[in-house]
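The next block holds one structure in the form of structure tokens; read it before the comments.
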Amino acid sequence: VQLQASGGGLVQPGDSLRLSCAASRFILDGYAIGWFRQAPGKEREGVSCIGSTTGSTYYTDSVKGRFTISVDNAKNTVYLEMHSLKPEDTAVYYCAADKHRYDANYYCHIRPSYAAGWGQGTQVTVSS
């Protein structure tokens with residue numbers, strides 16, 4: 001499922017941002033959901049995911065304690081709260097959702113390899 005990410009911007013180190021990802025229809029129940037990012041010259045990586053099987057969450061080590069993923073089912077929207085932003089967080093951020101029985105860890109690692117199903121991302125630039 002293709003989703004539209006928004007909320008990016010240019011911020012200073014230490015600032016916060018909240019990214020949003022709106023689904024076109026009610027699709028979040030039973031879906032693995034995640035936020036991914038791609039920095040210039042680097043491969044796309046999984047940042048944070050929610051698994052479809054147990055609702056477990058996964059965070060890549062570099063964002064643990066700083067980022068929080070959440071879902072508002074009433075609004076069909078997925079959020080990524082980002083705090084204490086660092087220059088190395090600079091990237092285009094994407095969201096994705098797939099109706100597969102994946103746990104969060106697996107989804108965050110396998111999804112970046114998908115060639116299709118990436119909507120327009122949102123640029124996050126952290127710079128002083």
Side-chain angles (χ1 to χ4, degrees):
V1 176
Q2 190 166 305
L3 305 174
Q4 182 68 37
S6 62
L10 172 62
V11 297
Q12 294 186 339
D15 283 353
S16 299
L17 276 177
R18 186 177 77 163
L19 305 184
S20 300
C21 184
S24 58
R25 56 188 173 88
F26 184 71
I27 56 91
L28 301 180
D29 187 27
Y31 278 68
I33 303 163
W35 284 96
F36 306 84
R37 67 186 179 186
Q38 188 165 20
K42 295 188 177 181
E43 294 186 351
R44 189 172 287 152
E45 66 168 341
V47 176
S48 180
C49 295
I50 298 175
S52 58
T53 52
T54 64
S56 60
T57 56
Y58 166 86
Y59 295 92
T60 193
D61 286 345
S62 63
V63 308
K64 284 180 181 178
R66 300 189 297 122
F67 290 12
T68 302
I69 188 172
S70 62
V71 176
D72 186 332
N73 285 299
K75 297 182 178 180
N76 298 337
T77 301
V78 184
Y79 299 100
L80 185 68
E81 292 274 358
M82 305 187 297
H83 299 287
S84 302
L85 283 162
K86 303 176 181 180
E88 51 264 43
D89 294 318
T90 295
V92 178
Y93 284 71
Y94 302 86
C95 54
D98 291 272
K99 197 170 180 62
H100 292 299
R101 291 182 59 80
Y102 290 152
D103 68 22
N105 188 324
Y106 183 78
Y107 186 62
C108 253
H109 283 87
I110 194 68
R111 191 53 168 83
S113 66
Y114 289 17
W118 297 104
Q120 184 174 348
T122 186
Q123 176 71 48
V124 173
T125 303
V126 185
S127 175
S128 55

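These values consider heavy atoms only, across backbone and side chains, with no hydrogens, waters or symmetry-generated copies. As the structure is a computational prediction, the values presented were derived from the model and not from experiment.
We find the CZ-CD distance between Arg37 and Glu43 to be 14.0 Å, quoted to the nearest 0.5 Å.
The ring of His100 has its center no closer than 6.0 angstrom to the ring center of Tyr107.
Tyr94 meets the ring pair (Phe, Tyr, Trp, His ring centres under 6.0 Å) test with Trp118; sequence neighbours excluded.
Within a 6.0 Å radius of CD in Glu88, other residues, nucleotides and ligands contribute more than 12 heavy atoms.
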Item to complete: Go through Ser6 and Gln4 one step at a time and tell me if the side chain to side chain donor-acceptor pair (under 3.5 Å) criterion holds.
Response: CA-CA 7 Å; Ser6 62; Gln4 182 68 37; over 6 Å; no

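Salt bridge status for Asp61 with Lys64: present, with a side-chain N to carboxylate O gap under 4.0 Å.
Clustering ILVMFWY residues whenever any of their side-chain heavy atoms sit less than 4.5 angstrom apart, transitively, puts Leu85 in the very cluster that holds Leu80. Both Tyr106 and Tyr114 are part of a single hydrophobic cluster, where members link through side-chain heavy atoms under 4.5 Å apart. By the rule that hydrophobic residues join a cluster once side-chain heavy atoms approach within less than 4.5 Å of another member, Val47 and Val11 end up as members of one cluster.
When all heavy atoms are compared, the tightest approach of Arg44 to Phe36 is CG-CB, 4.1 Å. In this structure, Val124 and Met82 approach most closely via the heavy-atom pair CG2-CE, 4.0 Å. When all heavy atoms of Gly34 and Cys49 are compared, the closest pair comes out as CA-SG, 3.7 Å. The heavy-atom pair separating Leu19 from Trp35 by the smallest distance is CB-CH2, 3.6 Å. Cys108 and Ser48 make their closest contact through SG-C, 3.5 Å (heavy atoms, listed as atom of the first residue, atom of the second, distance). Heavy atoms only, all atoms of each residue included: Cys21 and Leu3 are closest at SG-CB, 3.2 Å.
A distance-only check finds a donor-acceptor pair linking the side chain of Ser52 to the backbone of Tyr102 [under 3.5 Å]. A distance-only check finds a donor-acceptor pair linking the side chain of Thr90 to the backbone of Val126 [under 3.5 Å]. The backbone N or O of Ser84 lies less than 3.5 Å from a partner atom in the side chain of Arg66, making a donor-acceptor pair. A donor-acceptor pair is defined here as one N or O able to donate and one able to accept, closer than 3.5 Å; such a pair exists between the side chain of Tyr59 and the backbone of Ile69.
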